[in-house]
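Below you'll find the structure, written out as structure tokens, and then a few comments.
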Amino acid sequence: TSTTRDILEKAGFKLVVDEKMTQRLQSETELAQSRAAEAIQTIPGYACYRTVEEGLSTAANIAASYPDLAEWIDIGDSWNKTNGQGGYDMRVLRLTNETNGVTDKPVIYLMSSVHAREYAPAELNARFAETLINGYGTDPDITFMLDYHEVHMLLFANPDSRKLAETGQLFRKNSNDN
């Protein structure tokens, strides 16, 4: 039997394999498989991005696993929760070394996913948090950063609308119906 490639070549087409694209597709497939193996919930069609629940769970787990370096702070409620429509607690992941006696540390504040379809920023912040926690004590730059600074991360500034976008809706703004 002839393959599609054989048929196209017999018809006079010259086929060239795009090695970079092939490598990228293989990497995305491998990432999707590893996320599935880890049972990480991802956005349908976007295996490299955690869902709202998975991102919040990641931050909560960091705080629970590293109490001397991380705190999971409730700063209020999302619009939907405020209005009795489900919604989320708005939370900030605070990373710093609490045990070294340094006070009055400068703060860096990172806010992500303000708009519903901004998938990458929350994922980048979650991965940055994981990098900081995993590098503390072994990477001198990360250790210095957390010893002498505070990093505050609001992973989802608009979790209600982000959840709508995760279902495939082309939702852009917030869920305020006014």
Side-chain angles (χ1 to χ4, degrees), residues 31 34-36 38-100 102-137 139 142-169 171-178:
L31 178 61
S34 75
R35 288 282 170 108
E38 295 172 13
I40 291 177
Q41 298 173 9
T42 60
I43 300 170
Y46 299 94
C48 56
Y49 301 127
R50 295 168 232 233
T51 62
V52 170
E53 289 77 14
E54 189 66 36
L56 296 175
S57 175
T58 295
N61 288 337
I62 287 172
S65 299
Y66 302 92
D68 289 339
L69 294 175
E71 183 179 11
W72 191 221
I73 304 167
D74 189 334
I75 60 169
D77 295 331
S78 69
W79 191 89
N80 280 6
K81 189 167 185 180
T82 301
N83 290 284
Q85 301 172 16
Y88 296 86
D89 290 326
M90 300 294 290
R91 292 185 166 269
V92 168
L93 180 63
R94 179 179 165 266
L95 303 177
T96 192
N97 178 2
E98 288 291 340
T99 64
N100 67 349
V102 177
T103 58
D104 296 324
K105 299 177 182 180
V107 174
I108 181 171
Y109 174 70
L110 304 169
M111 179 174 65
S112 52
S113 296
V114 174
H115 298 105
R117 290 178 288 171
E118 290 176 350
Y119 298 147
E123 183 65 29
L124 289 170
N125 264 345
R127 290 184 191 194
F128 184 47
E130 291 168 332
T131 298
L132 292 175
I133 288 299
N134 292 329
Y136 186 82
D139 182 304
I142 290 173
T143 302
F144 178 84
M145 179 187 292
L146 294 183
D147 280 348
Y148 296 98
H149 300 83
E150 291 184 18
V151 180
H152 294 224
M153 299 174 157
L154 177 62
L155 298 180
F156 301 97
N158 186 4
D160 302 324
S161 297
R162 163 67 181 266
K163 197 66 206 164
L164 289 173
E166 288 177 8
T167 67
Q169 295 183 45
F171 208 80
R172 261 188 87 233
K173 305 229 176 202
N174 61 42
S175 57
N176 184 336
D177 55 5
N178 290 330

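Bear in mind that the values here come from a model prediction, so they are computed numbers and not experimental data.
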Practice item. Classify the side-chain pair Asn125/Ser112 by whether it contains a donor and acceptor separated by less than 3.5 Å. Key: yes
Problem - Side-chain donor-acceptor pair present, Tyr119, Glu166, cut-off under 3.5 Å - result: no
Is the shortest side-chain heavy-atom distance between [X] and [Y] below 4.5 Å?
{"X": "Glu54", "Y": "Glu123", "value": "no"}
{"X": "Arg127", "Y": "Cys48", "value": "yes"}
{"X": "Arg91", "Y": "Phe156", "value": "no"}
{"X": "Glu53", "Y": "Lys163", "value": "yes"}
{"X": "Asp77", "Y": "Tyr88", "value": "no"}
{"X": "His115", "Y": "Asn158", "value": "no"}
{"X": "Ile142", "Y": "Thr131", "value": "yes"}
{"X": "Ile75", "Y": "Leu154", "value": "yes"}

Euclidean distance, [Y] [atom2] relative to [X] [atom1], rounded to 0.5 Å:
{"X": "Leu132", "Y": "Leu93", "atom1": "CG", "atom2": "CG", "result": "9.5 Å"}
{"X": "Ile73", "Y": "His152", "atom1": "CD1", "atom2": "NE2", "result": "6.0 Å"}
{"X": "Asn80", "Y": "Gln85", "atom1": "CG", "atom2": "CD", "result": "5.0 Å"}

Heavy-atom closest pair, residues [X] and [Y]:
{"X": "Arg162", "Y": "Ser113", "answer": "NH1-OG, 3.4 Å"}
{"X": "Ala165", "Y": "Arg117", "answer": "CB-CG, 3.8 Å"}
{"X": "Leu95", "Y": "Ala70", "answer": "CD2-CB, 3.5 Å"}

For residues 102-110, run the donor-acceptor check on the side chains, cut-off 3.5 Å, and write out each pair with its distance to 0.1 Å, sequence neighbours left out.
| from | atom 1 | to | atom 2 | distance (Å) |
| --- | --- | --- | --- | --- |
| Lys105 | NZ | Thr96 | OG1 | 2.7 |
| Lys105 | NZ | Asn97 | O | 2.6 |
| Lys105 | NZ | Asp147 | O | 3.2 |

* To do: Given side chain to side chain contact (heavy atoms under 4.5 Å, CB included), test Asn61 with Trp72 step by step and report yes or no.
  => CA-CA 9 Å; Asn61 288 337; Trp72 191 221; over 6 Å; no
| said: Would Thr58 and Leu155 count as a side chain to side chain contact (heavy atoms under 4.5 Å, CB included) here? Give the steps. | reply: CA-CA 10 Å; Thr58 295; Leu155 298 180; 5.9 Å; no
Can you list the steps and then say if Ser78 with Asp160 is a side-chain hydrogen bond (donor to acceptor under 3.5 Å, both in side chains)? CA-CA 7 Å; Ser78 69; Asp160 302 324; 2.9 Å; yes
